[in-house]
Every structure is written in structure tokens, then in C-alpha cells.
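Positions are given from 1, in the same order as the sequence printed here.
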Amino acid sequence: MMNIAVLVSGGGTNLQALIDYERDNESCPFHIVLVVSNTKNAYALERAKNAGIPALIRSPYSVMGKDVAEKATRDQKRIAVSDAILAACPSYKVDAIVLAGYLSVLGGEILSVYRNKIVNLHPALLPKFGGVGMWGHNVHEAVLAAHEKESGCTVHLVDEGCDTGKILCQKKVPVCEGDTPDTLYARIAPLEHEALIEGVCLLSKMV
């Protein structure tokens, strides 16, 4: 059994998919031991509470203090939050980390300690439409602007780059005439849940 920490930023629908899968499948190879949010108002925290899963808030303000955080660079904030998440992991016996709608980038020592043990869900078919700024509707807008014939989602290992790690699995959907970012997202979203579960199960065989 692989103990996972799930990192979130928003509504937590992908977290809920993992919670439901673990609850409903006796052969589930992972156990969610911790949820970490980088925003205090994320509904994902409520989902964790409802499932009885310990949850922490690790934001720049919470780990650096308001005065320091307001003066810090983006990279300094990312390292501080990443270090704080890493520091929490031993207490919960975390074997691997899952980024499920986590709208930040990990950096520093956590990438070494958990090398090849961190996966991320990305809402496009990597290696296309990855990198800094490519998240949420930004991705879907870019896909439509490029007149792609298909899109989808990718689960990949996290490394020092941004969306550059080894791809574990992908799910594809057609891009239809008249699509908007909203309609394209609506077609991809259900597959994100499937891809994330598949990717985490694959990770369990690697850890």
C-alpha cells in the first residue's frame, strides 16, 4: 500500500475521485494520508474533512509570514512552501505525492527526496501546451487558438522542469467545431479523473 499526500488548490474534484476510488475498491493500491492546500479557502479542504483525511494549509503567508511573503520572489515562495510540505511528510509516512489541480510549482529538496515519486495531472496532451502559465483555461484557449484536432489530459512524473517529466498516461478527446474553453474542458474533465487514478496506480508499481 502506497501512502500518498494529495496537493490541491481549488475545488478538489480530482481529489474526490481519488477518495471515491480508494473507498470503493478493495484492491486500491494507494491510501490518502494527507491533503495539502496552498490556498486557505480551497473547497478541497472540506472534501478532505468530510472523508476524515488530515489536511494542512501550506501557503507563502502561512510558512513565511505576511511581511516576508509580500517581499519574496516567486521562486522564494515556491521553495518555502515546498520545504514546508516536505517537512510535514515524515509525520504522515508519505511514500508519494500527487498534484491534483495544484496551481503552483514544487522546487528544492522535495524534488530530490521524492524523485520519481511525484505525479502531476495536466489538462493537455504533453509535451504540447505545457510549461509556465499553461494551466486551467489558459491551456484550453491555447489548444483552440492552435486549431488542434484533439486534446485531453496527461499524468506525468514531476522533475525540475515544468510539465517536462516522464509521461505515465494520457486520455484524448476530439476538439469539435465551435468549441469554447468551457466546452472543451467539460469534455476533458471526466477523463482527468480516470487518468489520475490510472497514473497513481501506475506510480504505486514504481515506488
Pairs satisfying side chain to side chain donor-acceptor pair (under 3.5 Å), at least one member in residues 173-185, at least two apart: His137-Asp182, Asp179-Thr183, Asp179-Arg187, Thr180-Thr183
Stepwise side-chain contact (heavy atoms from CB on, under 4.5 Å) test for Leu7 and Ile85: CA-CA 9 Å; Leu7 275 52; Ile85 294 170; 3.8 Å; yes
side-chain contact (heavy atoms from CB on, under 4.5 Å) evaluation trace for Glu160 with Arg115: CA-CA 10 Å; Glu160 285 77 8; Arg115 185 167 301 281; 2.7 Å; yes
Spatial distance of atom CD (Glu192) from atom CD1 (Ile197) [nearest 0.5 Å]: 12.0 Å
Leu99 side chain near Leu121 side chain, heavy-atom distance below 4.5 Å: no
Exceeds 12 heavy-atom contacts within 6.0 angstrom, atom CD of Glu109: no
Pairwise distance CG(Leu15) to OG(Ser9) - rounded to 0.5 angstrom: 11.5 Å
Pairwise side-chain contact, Met1 with Pro29, heavy-atom cut-off 4.5 Å (strictly under): no
Pairwise distance CG(Leu111) to CG(Asn116) - rounded to 0.5 angstrom: 11.0 Å
Considering all heavy atoms, the nearest Gly12-Ala44 contact: CA-CB, 3.6 Å
Test item: side-chain donor near acceptor, Ser59 and Asn38, under 3.5 Å: no
Joint hydrophobic cluster, Val113 plus Val63, side-chain heavy atoms closer than 4.5 Å: yes
Shortest non-hydrogen contact between Ser37 and Thr39, atoms and distance: OG-O, 2.6 Å
Residue pair Ile4 / His31, side-chain heavy-atom distance below 4.5 Å: no
Residue pair Val33, Tyr92: steps toward the side-chain contact (heavy atoms from CB on, under 4.5 Å) verdict: CA-CA 6 Å; Val33 294; Tyr92 297 90; 4.2 Å; yes
Nearest atoms (heavy-atom pairs only) where Ala195 meets Lys171: CB-CG, 3.7 Å
For Phe30, ring-ring contact (aromatic ring centres under 6.0 Å, His included) partners two or more places apart: Tyr21
Backbone of Gly161 reached by a side-chain donor or acceptor of Asp159 within 3.5 Å: yes
Within-4.5 Å side-chain heavy-atom neighbours: Ile53 and Leu34: no
Min side-chain heavy-atom separation Val81-Pro60 under 4.5 Å: yes
CE on Met64 to NZ on Lys77, rounded to 0.5 Å: 8.0 Å
From CG (Leu106) to CG (Leu86), nearest 0.5 Å: 10.0 Å
Test item: Ser204 side-chain N/O and Cys201 main-chain N/O as donor-acceptor pair under 3.5 Å: yes
Hey, can you pull the donor-acceptor pairs under 3.5 Å for the side chains in residues 143-158, sequence neighbours left out?
from: Glu148; atom 1: OE1; to: Lys128; atom 2: NZ; distance (Å): 3.0
from: Thr154; atom 1: OG1; to: Ala124; atom 2: O; distance (Å): 2.7
from: Thr154; atom 1: OG1; to: Leu126; atom 2: N; distance (Å): 3.1
from: Thr154; atom 1: OG1; to: Gln170; atom 2: NE2; distance (Å): 2.9
from: His156; atom 1: NE2; to: Asn120; atom 2: ND2; distance (Å): 3.1

Validation row: Val94, Asn3 side chains within 4.5 angstrom (heavy atoms): no
Closest non-hydrogen atom pair between Val207 and Lys117, with its separation: CG2-CG, 4.0 Å
Side-chain heavy-atom pair Thr13, His193 within 4.5 angstrom cut-off: yes
Residue pair Val132, Arg74: steps toward the side-chain contact (heavy atoms from CB on, under 4.5 Å) verdict: CA-CA 12 Å; Val132 177; Arg74 182 177 62 181; 4.1 Å; yes
Polar side-chain atom of Gln76 near backbone of Thr73 as donor-acceptor pair, under 3.5 Å: yes
Minimum-distance pair of heavy atoms, taken over all atoms of His140 and Pro123: CE1-O, 3.6 Å
Heavy-atom side-chain contact between Val36 and Val8 under 4.5 Å: no
Interatomic spacing from CH2 in Trp135 to NE2 in His122 - rounded to 0.5 Å: 12.0 Å
